[in-house]
Amino acid sequence: MISLLLTAGLLPIKGYAVDTGEKMDAVLVVDVSNSMNKSDKKKVSNEAMKMFVDMLSVSGDKVGLVAYTDQINREKALLEIHSEEDKTDFKEYIDSLTRGSYTDIAIGVNEAVKILDAGKDKGHSPLIILLADGINELNPDSGRTQKQSDKDMQTAINKAKAEGYPIYTIGLNADGKTNQSVLKNLSKETNGIYFTTNSADDLPSILSEIFAKHLKLKVVPVKNLTANGNYQDVVIDIPNENVMEANISITTNRPITAKLFDPDGKEVNIPSPNIIYSKSNAYSLIKLIKPAIGKWKIQVKGTNKDKIDVNMIYNYDLGLHLEEPANKNYGKNDTVAIKAFLETGGKKLQSPVMYEEMKAKLLVTDLTLKKVVEYPLDTDGKNFFSNWKIPDQHKYELKVLAEDNSFSRETNSIVIDASRKTSPVLAEETKESGVVKRLGIGIGLLAAMCFVLYLLSLVKKANRGFIGQMIIEVRDENTGEKTSPQYRKLNAFKGKVKLHQLLQLAPEFIETESIILVPGKNDTLMLYNKGEAVIERSGRAVDASEGLVLKKNDRLKIMLHKVNKSISLDYII
């Protein structure tokens, strides 16, 4: 199998777009005990780590390594990448790793946390990637017990959670005996993702998912091919001068040949200035530095009938900034002027087209109720803006998210504390409290009437009909395989429908009984999540316990808890 992933950014992420050139501090953790001779026969872990290093940005990212058995076998503190020589040295270090007896996974994870604590940079995005089979085999002569190992593991997890170190785990499963529960728990507890693989063929998609989750990326599918023994063309559009890097990663068990042509149709040598080439036993990687605007062409020739999957991400040299409000003293019903703008190189971007092509929304987290509400923003070609009215005397965190079909950006957050100021409305209500008391009887009668109307509204709501339909795709997170899109018409249901019903009551998805859809106002849907599944919108987890509004063409991803699968929902009318 050939897997070709095209990225304009830090890493080849399956059809995603990266946040603003963010630098990473990453620690690779690998089990090098003798049990890996069965669970990782072909040293897939080494290929994964080397691919990760090659895909890092040409300058500024930091990477470290921990190789463990029941003790630390080898260790490298965070190294800042400044050149291809730095990467070559690091990959040679990976190839020098040897294996030993016994295993204690807590030892490796603890050390990775310590490395990040000691060497992470402010402003960098930290993460840990663990490659292991998840099986402990303690040395009986050491006196160390499983209880002690579990306690140390929990200490490491707690520290990682507190510091914001997500742990992404890759279960190496060549012998089919991976301890999935241990690895899944590590990722779940620290907001990472668990994967499993027994082949290097899976590495591009796994690394893609890791970066998609970690850097909040967005899918941009390009093309899928089946090799026929001849060169086949793939066109890649570099849309503007803000694209910083493009990585082309090819993984295959059999030889392939690739050619590269610039937007003028001229063939570009691989390697050459601004074209970096690296390879290993399982992959080749071509990195374009600051590629020219226009349509590039890649020609790929593989062995007949091999699969070629082509996807792309853009890494824009763009940020999104939310201005601090001038006023700091707010109360209920006060209005806050919201203004956010794109920036590049520390300067405000002057590009009305970019603003017009993007949709922006204000994300308001009610820190008192632990609830997130979204509000759409307008644009004048220079800013994204709106006036937000404070709904209650609570404390709020505000962010702006802007996205188009190829990338997304999220701003810094600001906090509005409306719990300390009594708004004019409340003050007026206090003044008139005497009048309110005298109207007690009338209010009581009015309340009774409202209650009757409320009961009638419940009856009406229970019989309210749906419109539109859902497009459903199920993805196996272990293999990356997706089902064909399934269309489910909603007009056959009244009042509410459980997602499990739309999935035709398949026993495998029984936990979707807790995800309920209810008709909303103005052709919207309300989705309620009362279970353990994680709901994501635009790559960001959202709280749907109290209801989430779905509008026309909205797309959600549901990460299931009991099976390693996800469900994509598209609401169309």
Side-chain angles (χ1 to χ4, degrees), residues 3 5-7 9-13 18 21-32 40 42-68 73-97 108 111-112 115-116 119-121 124-132 166-170 172 195 197 200 202-212 214-215 244-251 271 275-289 313 315:
S3 179
L5 293 103
L6 308 172
T7 76
L10 299 176
L11 289 171
I13 304 165
V18 180
E22 184 176 10
K23 299 303 181 184
M24 293 181 294
D25 292 338
V27 179
L28 306 173
V29 186
V30 61
D31 181 349
V32 291
D40 186 21
K42 296 183 179 180
K43 293 193 174 182
V44 170
S45 56
N46 281 20
E47 298 306 313
M49 291 188 292
K50 289 189 290 185
M51 178 177 282
F52 181 95
V53 171
D54 275 330
M55 291 173 180
L56 292 175
S57 183
V58 290
S59 180
D61 287 331
K62 297 173 75 172
V63 61
L65 185 141
V66 175
Y68 70 92
N73 184 295
R74 299 284 297 279
E75 177 179 347
K76 184 178 280 289
L78 286 171
L79 167 72
E80 185 168 351
I81 301 297
H82 292 293
S83 66
E84 284 304 299
E85 287 73 19
D86 289 338
K87 293 184 179 182
T88 298
D89 290 345
F90 201 99
K91 289 186 292 181
E92 289 176 354
Y93 185 84
I94 291 171
D95 280 332
S96 73
L97 299 178
E111 193 64 22
I115 287 177
L116 280 177
K120 69 179 184 294
D121 279 357
H124 282 207
S125 183
L127 72 156
I128 295 170
I129 300 177
L130 171 66
L131 303 101
I167 301 176
Y168 300 90
T169 55
I170 302 176
L172 301 169
F195 303 87
T197 181
D202 300 330
L203 294 179
S205 61
I206 289 175
L207 293 175
S208 297
E209 291 290 338
I210 290 175
F211 277 80
H214 192 65
L215 295 178
M244 295 193 301
E245 293 182 4
N247 289 329
I248 304 166
S249 173
I250 308 170
T251 64
I275 308 293
I276 298 172
Y277 177 71
S278 54
K279 66 178 181 177
S280 183
N281 295 331
Y283 68 90
S284 297
L285 187 136
I286 305 165
K287 183 187 291 287
L288 313 182
I289 310 298
I313 66 168
N315 181 23

* Of I115, V29, V66, the residue whose pairing with I128 passes side-chain contact (heavy atoms from CB on, under 4.5 Å) ->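 Only one of I115, V29, V66 forms a side-chain contact (heavy atoms from CB on, under 4.5 Å) with I128, namely V29.
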Could you pull out the closest heavy-atom pair between [X] and [Y], with the gap in Å?
| X | Y | answer |
| --- | --- | --- |
| P126 | P166 | O-CD, 3.4 Å |
| S96 | R74 | OG-NH1, 3.4 Å |
| F52 | A26 | CZ-CB, 3.6 Å |
| I81 | V63 | CD1-CG1, 4.1 Å |

Euclidean distance, [Y] [atom2] relative to [X] [atom1], rounded to 0.5 Å:
| X | Y | atom1 | atom2 | value |
| --- | --- | --- | --- | --- |
| L127 | I210 | CG | CD1 | 8.0 Å |
| I129 | Y168 | CD1 | OH | 8.5 Å |
| I275 | I286 | CD1 | CD1 | 8.0 Å |
| T197 | I206 | OG1 | CD1 | 4.5 Å |
| I94 | K43 | CD1 | NZ | 12.0 Å |
| S59 | D86 | OG | CG | 9.0 Å |

* To do: Salt-bridge test for K62 and D121: reply yes if a basic N is under 4.0 Å from a carboxylate O, no otherwise.
  => yes
* SB check K287 D54 (cutoff 4.0 Å) -> no
* Asked: With a 4.5 Å limit on heavy-atom distance, are the side chains of M49 and L97 in contact?
  -> yes
* Can you find a heavy atom in the side chain of V44 that is under 4.5 Å from one in the side chain of E47? -> no
* With side-chain contact (heavy atoms from CB on, under 4.5 Å) as the test, would you mind laying out the steps for L78 and L116 before giving the verdict? => CA-CA 8 Å; L78 286 171; L116 280 177; 4.2 Å; yes
Please check: side-chain N/O of [X] versus main-chain N/O of [Y], any donor-acceptor pairing under 3.5 Å?
| X | Y | value |
| --- | --- | --- |
| D40 | S45 | yes |
| D61 | M24 | yes |
| Y68 | E75 | no |
| K87 | L56 | yes |

